[in-house]
Amino acid sequence: MTVLHGTLVVLQPTTTEDIPALAAIRGTPEVHARWNGGDDLKADVATDLDDPGTACSTVLHQQRIVGMIQWYSEEDPDYRHAGIDLFLDPAAHGKGLGTDAVRTLARHLIDDLGYHRLVIDPAADNTAAIRCYAKAGFRPVGIMRQYERGPDGTWHDGLLMDLLAGDLVR
């Protein structure tokens, strides 16, 4: 993936040099509660980078690493779409950086790669993330019951959201 420029953020392909900063962000209580991970978060981030089905980009704000955004695709022509996941440093929350990162990646996926539909699946109780994604144009589709296991071992609901190309707030 190429470097993408948003209004507030720059998305650049994640490299191994980014792993320590991204692992530190994943280790914050707010992010860890949503992204989980084992005892070695550097290894977890490295595993994300090694996944051939996922493209990872480091989110930069004012030349500082503030998170990671990744995407994957379903390439069956009858179901073709892309999915997005994102985490940001809690210190960067509430500044519009998440919405800008999602909007920037969505614009690339739609305009440059030709996806007509994107999905994202925040935890159903993650109101800040849901609000962030809605600002980019994502709409709720429905609740996926007991969708993901939390750090406490219990299952939690997820909210499936999607965005059609014409819904993107540019």
Side-chain angles (χ1 to χ4, degrees), residues 1-75 80-115 117-123 126 128-130 132-133 135-138 147-151 158 160-163 168 170:
M1 191 168 103
T2 59
V3 174
L4 303 175
H5 296 270
T7 304
L8 301 170
V9 300
V10 173
L11 309 180
Q12 68 182 21
T14 303
T15 67
T16 55
E17 290 78 26
D18 300 336
I19 290 174
L22 294 172
I25 294 168
R26 288 262 312 258
T28 62
E30 299 92 328
V31 176
H32 193 265
R34 303 293 181 182
W35 276 71
N36 299 331
D39 293 333
D40 186 351
L41 293 176
K42 288 180 183 177
D44 290 340
V45 173
T47 298
D48 290 344
L49 298 184
D50 289 339
D51 181 348
T54 303
C56 300
S57 292
T58 298
V59 181
L60 300 171
H61 175 64
Q62 298 177 342
Q63 302 179 341
R64 185 175 77 81
I65 294 175
V66 296
M68 186 172 80
I69 191 166
Q70 58 190 33
W71 70 276
Y72 63 91
S73 65
E74 167 58 60
E75 290 299 328
R80 187 171 189 265
H81 70 277
I84 299 173
D85 286 309
L86 166 74
F87 66 83
L88 286 182
D89 186 336
H93 289 179
K95 299 176 182 176
L97 304 181
T99 299
D100 191 45
V102 169
R103 184 179 289 134
T104 300
L105 179 56
R107 189 174 55 243
H108 170 67
L109 294 171
I110 292 166
D111 295 347
D112 301 330
L113 301 181
Y115 288 94
R117 180 173 173 270
L118 308 177
V119 297
I120 200 160
D121 57 357
N126 191 345
I130 293 165
C132 166
Y133 306 148
K135 288 177 185 175
F138 280 86
Y147 177 64
E148 62 186 351
R149 190 182 349 241
L160 178 61
M161 301 178 79
D162 73 358
L163 177 145
L168 178 60
R170 292 179 181 264

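Closest approach of R107 to G6, counting heavy atoms only: NH2-CA, 4.3 Å. Considering all non-hydrogen atoms of both residues, I25 and G67 come closest at CD1-N, 3.7 Å. In terms of heavy-atom proximity, P122 sits nearest to M161 at CG-SD, 4.0 Å. Closest of all the heavy-atom pairs between A123 and E148 is CB-OE2, 3.4 Å. Contact record, Y115 with A82: CD2-N, 3.7 Å, taken as the closest heavy-atom pair. Of all the heavy atoms in L97 and A92, the pair that sits closest is CD1-CB, 3.6 Å.
Applying the side chain to side chain donor-acceptor pair (under 3.5 Å) test to D100 and every residue at least two apart in sequence or in another chain returns nothing.
Looking at T54, its side chain never comes within 3.5 Å of a backbone N or O of Y72 through a donor-acceptor pair. In this structure, the side chain of D18 engages the main chain of T15 through a donor-acceptor pair within 3.5 Å.
Checking V102, I120, I110, V119 one by one against L163, the side chain to side chain contact (heavy atoms under 4.5 Å, CB included) holds for a single residue, I110.
Proximity of I130 to F138: side-chain heavy atoms (C-beta onward) are nowhere separated by under 4.5 Å. The side-chain heavy atoms of T104 and H5, taken from C-beta on, include no pair separated by under 4.5 Å. Inter-residue side-chain proximity for L49 and I19 is flagged as met; some heavy-atom pair is nearer than 4.5 Å. Using a 4.5 Å heavy-atom threshold, the side chains of D85 and D121 count as touching. Side-chain atoms of R34 and F87, non-hydrogen and from C-beta on, never get closer than 4.5 Å to each other. Counting heavy atoms from C-beta outward, K95 and L8 have side chains that stay 4.5 Å or more apart. Side-chain contact between V59 and I65: absent, with no pair of heavy atoms (C-beta onward) separated by less than 4.5 Å. H61 has its side chain out of reach of L88: every pair of non-hydrogen atoms, C-beta onward, lies at least 4.5 Å apart.
Under the 4.0 Å criterion applied to side-chain N and carboxylate O atoms, R80 and E74 are not assigned as salt-bridge partners.
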Test log, rule side chain to side chain contact (heavy atoms under 4.5 Å, CB included), inputs R26 and V45: CA-CA 9 Å; R26 288 262 312 258; V45 173; 4.0 Å; yes

Verdict with reasoning, R103 to T7, per side chain to side chain contact (heavy atoms under 4.5 Å, CB included): CA-CA 10 Å; R103 184 179 289 134; T7 304; over 6 Å; no

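The NE2 atom of H32 sits 5.0 Å away from atom CG of L41, with the distance rounded to the nearest 0.5 Å. Note: T58 OG1 to L22 CG = 4.5 Å, rounded to the nearest 0.5 Å. Distance check, rounded to the nearest 0.5 Å: CD of Q12 to CG of L60 gives 4.5 Å. One distance of note links OG1 of T14 with CG of D48; it measures 9.0 Å at 0.5 Å rounding.
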